[in-house]
There are 2 protein chains.
Amino acid sequence: MNKKLEHKLKDNSIKPTAMRLLVLKFLTEQNKAVSLQDIELAFERADKSTLFRTLKTFESSKIIHSIEDGTGHLKYALCLEGCNCSPIDLHYHFHCNVCKETFCLTELNVPTIELPKNFEMQQANMVIKGICGTCK
Amino acid sequence: MNKKLEHKLKDNSIKPTAMRLLVLKFLTEQNKAVSLQDIELAFERADKSTLFRTLKTFESSKIIHSIEDGTGHLKYALCLEGCNCSPIDLHYHFHCNVCKETFCLTELNVPTIELPKNFEMQQANMVIKGICGTCK
DNA sequence: TAAATTGATGCAAGTGAGTTGCAAAGTTTA
DNA sequence: TAAACTTTGCAACTCACTTGCATCAATTTA
């Protein structure tokens with residue numbers, strides 16, 4: 001497990017420090033998108049700015065992607081294997097108004113959207129809000 | 001024009017004060033979504049908190065809707081006639097990475113999205129990012 | 001009309017997530 | 001080992017948003 005995570009970092013030219021491995025492991029174990037705060041709480045010994053920079057590092061290497069779900073807390077979630085964060089890799093996210101969790105709906109890709117003439121899509125932030133299956 | 005705007009407010013049980021009419025007029029004239037700051041700059045004499053509360057009032061009456069476009073500034077735009085901000089009223093938004101403006105793509109409604117079992121959609125925040133026709 | 005009530009406005013101050021500067025600690029390279 | 005580079009932790013800052021409260025305006029009631 002740890003070897004695998006270590007490789008994931010090395011493959012992206014990120015030095016696999018203890019901190020980074022812990023954060024990556026934590027992200028891997030989640031089935032939802034987590035905020036910087038969530039991670040802070042999970043690792044009380046770690047500093048917020050270190051975690052912040054770790055996330056930014058992961059994000060720019062496309063190991064994770066961020067979602068603005070409307071809570072005011074940016075959320076982060078692992079990218080799928082082979083994800084390039086390009087339009088064809090995009091998926092919707094679901095934010096539950098009851099439990100306040102945000103999930104990636106990775107089964108469903110965002111369809112091609114008919115844009116006005118000359119508009120070019122590069123990224124997207126798609127958040128559906130409502131009630132999730134557990135809270136229903 | 002002003003009479004029309006006044007009615008729009010009255011119809012929603014909002015007292016049509018001078019300030020509110022000015023803000024509504026301003027919003028009507030935009031072809032893009034604007035932030036609280038944009039409005040502050042447009043009305044130097046007005047107080048930020050008044051504008052803030054005006055927007056919240058408009059939003060809860062579904063005269064306008066807000067979009068988180070990833071800039072860190074919440075944007076506001078007029079709802080279409082008869083909009084109820086329900087799933088069937090939803091449209092995509094486009095944020096240009098060059099000019100940093102955010103537009104409503106009202107011509108195109110958000111399609112029905114296949115959600116996991118028991119999930120219920122109530123609202124959505126859909127933002128496509130890229131390059132707009134003018135900046136291309 | 002005057003008093004009372006209700007609501008809107010303006011000012012100032014607070015909140016809180018995100019971000020940055022910088023020095024200390026750790027790691028790599030020559 | 002020494003020098004060079006990277007990561008980490010602390011503290012402080014930024015900035016959008018939000019709130020409390022006193023004042024002011026409009027509307028209703030007596």
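Below, read A as the first sequence line, B as the second, and so on, with proteins coming before strands; counting in each chain starts at 1. Values below: all heavy atoms of this structure, side chains included; hydrogens, waters and symmetry mates excluded. Quick caveat: nothing in here was measured; it's all calculated off a predicted structure.
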Sugar-phosphate, base or nothing in reach of Arg53(A), heavy atoms under 4.0 Å: base
Residue Thr54(A), side-chain heavy atoms: nucleotide from dT8(D), dT9(C), dG18(C) that is nearest: dT8(D)
Interatomic distance where OH belongs to Tyr76(A) and P belongs to dG18(C) [whole Å]: 6 Å
Backbone of Glu40(A) reached by a side-chain donor or acceptor of Glu44(A) within 3.5 Å: no
Thr17(B) side chain near dT9(C) phosphate (N/O to OP1/OP2, under 4.0 Å): yes
Between C1' of dA12(C) and CG of Asp47(B), the distance in whole Å: 10 Å
Gap between atoms CD1 and P, on Ile14(B) and dA26(D) respectively (whole Å): 18 Å
The single option from His91(B), Glu59(B), Gln123(B) passing side chain to side chain donor-acceptor pair (under 3.5 Å) against His65(B): His91(B)
Sidechain N-carboxylate O distance under 4.0 Å for Glu101(A), Lys32(A): yes
Integer-rounded Å distance: dG16(C) P and Asp38(A) CG: 16 Å
Nucleotide nearest Phe52(A) when distance is taken to its side chain, options dG10(C), dT8(D), dG18(C): dG18(C)
Non-hydrogen atoms of Ser66(B) and Asn125(B) that approach each other most closely: O-OD1, 4.3 Å
Base of dC10(D) paired with side chain of Ser49(A) (donor-acceptor, under 3.5 Å): yes
Phosphate contact (dT19(C) OP1 or OP2) by Lys56(A) side-chain N/O below 4.0 Å: yes
Under 4.0 angstrom between Thr50(A) side-chain N/O and dG9(D) OP1 or OP2: yes
Between C1' of dT8(D) and CD of Glu44(A), the distance in whole Å: 18 Å
Where Ser35(B) and Lys75(B) come nearest, the two heavy atoms and their spacing: N-CD, 3.7 Å
Leu74(A) CG - dC15(D) C1' separation (whole Å): 16 Å
Rounded interatomic separation in angstrom, taking NZ from Lys48(A) and P from dT19(C): 11 Å
Integer-rounded Å distance: dG16(C) P and Gln37(A) CD: 9 Å
Residue met sooner reading DNA chain C from 5', once Ser35(A) and Ala46(B) are mapped to nucleotides: Ala46(B)
